[in-house]
Asks: 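Structure incoming, see below.
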4 protein chains.
Amino acid sequence: MLAVASMAFLVAYAVRVLATGLPQAALDLCLAVTMAAWALFAVDYAVRWRLSGQGRRFVRRHVLDTVVLLLPLLRPLRIVKAYEAIQRRHGQPRLPLHGRVMAYSGLSTLLLGFTGALAVFQQERDAPGTTMPTFGDAVWWTCATLTTVGYGDVAPVTPLGRLIAVGVMMIGLALLAAVTGTFASWLLQVFAREDDERPPGS
Amino acid sequence: MLAVASMAFLVAYAVRVLATGLPQAALDLCLAVTMAAWALFAVDYAVRWRLSGQGRRFVRRHVLDTVVLLLPLLRPLRIVKAYEAIQRRHGQPRLPLHGRVMAYSGLSTLLLGFTGALAVFQQERDAPGTTMPTFGDAVWWTCATLTTVGYGDVAPVTPLGRLIAVGVMMIGLALLAAVTGTFASWLLQVFAREDDERPPGS
Amino acid sequence: MLAVASMAFLVAYAVRVLATGLPQAALDLCLAVTMAAWALFAVDYAVRWRLSGQGRRFVRRHVLDTVVLLLPLLRPLRIVKAYEAIQRRHGQPRLPLHGRVMAYSGLSTLLLGFTGALAVFQQERDAPGTTMPTFGDAVWWTCATLTTVGYGDVAPVTPLGRLIAVGVMMIGLALLAAVTGTFASWLLQVFAREDDERPPGS
Amino acid sequence: MLAVASMAFLVAYAVRVLATGLPQAALDLCLAVTMAAWALFAVDYAVRWRLSGQGRRFVRRHVLDTVVLLLPLLRPLRIVKAYEAIQRRHGQPRLPLHGRVMAYSGLSTLLLGFTGALAVFQQERDAPGTTMPTFGDAVWWTCATLTTVGYGDVAPVTPLGRLIAVGVMMIGLALLAAVTGTFASWLLQVFAREDDERPPGS
């Protein structure tokens, strides 16, 4: 349910940013969907807070939910959770643990990267001296940032755009850590298994 | 056999992109070789599919083969497989496991990087406002991208060139993960061995 | 006590660099606070040296303290120590070990990054051909450097600014290593736990 | 002995590249020292080859020596070996294993980075459209490359300079892997020790 709202939020936000040629009514509809999704999250958060009867400790224990409530652009992370739930329902997870970590990292990065590109593009599009006049430029910039390559041929120039860009950089750092860490631990497991199989005298 | 076809594909593609001064007949020959290699892969894929009698599950189980069929530029990965097979035939692998992981990573990166440089160069060469007029520039850009340094003095500007560039970036991320992960697990093995050798009281 | 002096040092330094519009008296006050904090550190260092009665070995054993004395901009690291002490006083640390490593890495990076941005900004602000006329540009440059993205749209041009910038790059390298290493070891622990829980025959 | 020759090689090469204001005789002397050091290495290599009586296998078994002979700029690596030998002579190594890995990585990176900066500077200094007119620019470029930040405000433009630059990038990749890998394995050891100390019921 919340995953659907997340998806609706993301789609409506994307349409509002990208489809500037739409009539005003459609844009208003998108804004309404965005707001409604946000309100739904707020209500869900409030209800769970009340039901838990934990007072302030609820906020501390659900840091991720609180952050997502305040920073709606992180909301697509919810979709990853839903994806996980769906996979569970179809019986055993098909991928081993390493594969699952990679799949979730990839999916999260994809969703957050797309959202980040949208948000930065919204800020930068009409800024004087902008380097990303089209959404394609914004996506290109996002890819170069997420892999920590950072060419610099396209880069945000507005303060708000740069603030969001720092968030995208951090996601890139996390992606790098996830890929490297997963590979390292996978390699260690392979080595451990090979050691077991080999006769000890060799 | 398929490795030879891969190699022929790569060489013919490289000649077609780089040797623009050749007579038309030679270029046509290269194109023909490229197409023949692709067709060979398609036939091989189809035959194996039929023989397996698995229907749709074959596609899911041979993801890499399917991807390579659709994205022919990934085909050089086949050469790595052939290299592995040749080494096996010469008796025991000479390198320990860490060395083998590094050798395969290096060889894959080299082949894919070269193919990526070719593909990006083909797209960018004649684009207006291009930053890579010569193939040397394209190779330089590829090296800076694969190591995630990314100077930005040379960078693709066409949409298709940038799409391929994102693929090159991902290979760079994978290379980084492979180098770091291999080193970390090698270090851990060295430490574990040293712990065993040292008397426990020290 | 020393942490308070560190904080005073950092705040006074920040005010002196950023608030150029202040009357001369206020700037002098900031300089005085900076110098006083430095003197306090020197006295503390000297007293501890005397009391230890170790002579030269003291310098070798307290490398960090010596470096911090000579490079006052690294002093904010003291605040991290104080933060740790405060957390200890409040009973058990709430975070598990991985979380603590991440928290300390993050806090150190934040403080050192802010200090580095201040120091580089002080050098670069009025340099001819500068690319960071405002402090916002300096912070943006610092973020792009700490994540090793490095766009290059903003970059120091003075020798002293570049020297400090190399220090910031090294902090970025350390941050990358800390994030990746923590994730890899966390993942390995998760895998080890899962292996234990699963019946051995599966 | 060979380490002294390496050091002499490095110093003479640095003087020849940097001190262009020297009289011709001094430059000739530097060239002579460089050549003599190279010749010494070649003789040492030849003598060891003969004495080993291994024929071609010697080349395969001493890959590093062969590479260093052909690429004299990698020779400073010899100094690291000498540093290790000196430390051993002073009794037990003072640093634990992780510290030693970091020290050797740092020393190698410092020496190779300095040599790389010299070599790239020699190629780029007088190239048309150069971005590194002074040696300070070359050092700045080297630092930005070794940390894989890569601003791109300074970048080589000549083919030979770029070839050497690719080598510097690879050293940067190796440094990143060494730092990250060392941190990850150190963290894992700390966690393992903490697990041992804690009572198993907690």
Side-chain angles (χ1 to χ4, degrees), chain A residues 94-95 98-99 101-103 105-106 109-110 113-114 117 131-155 169 171-198 200 202, chain B residues 57 60-61 63 92-93 96-98 100-102 104-105 129-131 141-193:
Chain A
R94 280 186 202 101
L95 290 162
H98 287 106
V101 171
M102 285 315 299
S105 303
T109 308
L110 209 70
F114 181 66
T131 52
M132 42 176 96
T134 69
F135 186 61
D137 292 318
V139 169
W140 167 244
W141 167 83
T142 307
C143 290
T145 302
L146 284 178
T147 55
T148 77
V149 170
Y151 293 115
D153 53 346
V154 178
M169 283 178 209
I171 299 167
L173 206 63
L175 174 68
L176 194 66
V179 173
T180 307
T182 309
F183 189 82
S185 63
W186 173 78
L187 219 59
L188 277 168
Q189 278 198 332
V190 169
F191 291 153
R193 212 169 298 149
E194 196 154 275
D195 276 359
D196 291 352
E197 285 170 9
R198 211 185 293 164
S202 74
Chain B
R57 271 167 56 201
R60 261 218 310 271
R61 290 213 178 151
V63 176
Q92 294 282 353
L97 194 48
H98 286 106
R100 254 181 299 151
V101 171
M102 286 313 300
Y104 295 157
S105 303
T130 182
T131 53
W141 167 83
T142 308
C143 289
T145 302
L146 283 178
T147 55
T148 76
V149 171
Y151 293 115
D153 53 345
V154 178
V157 293
T158 61
L160 200 51
R162 285 180 170 178
L163 195 69
I164 304 168
V166 172
V168 175
M169 284 180 209
M170 280 172 188
I171 299 167
L173 206 63
L175 174 68
L176 195 66
V179 173
T180 307
T182 309
F183 189 82
S185 63
W186 174 77
L187 220 58
L188 277 169
Q189 278 199 332
V190 169
F191 292 152
R193 213 169 297 149

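Sequence lines set the chain letters: A, B, ... in the order given, protein chains first and strands last, and positions in each chain run from 1.
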Asks: Please determine, among C143(A), G181(A), G136(A), the option with the most heavy-atom pairs under 4.5 Å with chain B.
Replies: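 Result: the option with the highest number of such pairs is C143(A).
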Asks: Does the side chain of L175(A) reach to within under 4.5 Å of the side chain of L173(B), using non-hydrogen atoms?
Replies: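 SC-SC contact between L175(A) and L173(B) confirmed.
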Asks: Is A177(A) in contact with chain B via its backbone, its side chain, both, or neither, using a 4.5 Å heavy-atom distance?
Replies: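 For A177(A), there is no contact with chain B at all, as no heavy atom is under 4.5 Å.
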Asks: Report yes if the side chains of M170(B) and V179(A) come closer than 4.5 Å at any heavy-atom pair, otherwise no.
Replies: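 In short, these two side chains do not touch, never coming nearer than 4.5 Å.
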Asks: Flag the one option from L146(A), L176(A), T134(A), V149(A) with the top tally of heavy-atom pairs under 4.5 Å to chain B.
Replies: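 Of the options given, most contacts go to V149(A).
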Asks: If you define the side chain from C-beta out and look only at heavy atoms, does anything of W140(A) sit under 4.5 Å from P159(B)?
Replies: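 SC-SC contact between W140(A) and P159(B) ruled out.
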Asks: So Y151(A) and V154(B), do their side chains get closer than 4.5 Å, heavy atoms only?
Replies: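 No, their side chains stay 4.5 Å or more apart.
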Asks: If you measure from OG1 on T180(B) to CZ on F183(A), what distance do you get to the nearest 0.5 Å?
Replies: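 The CZ atom of F183(A) is 10.0 Å from OG1 of T180(B), to the nearest 0.5 Å.
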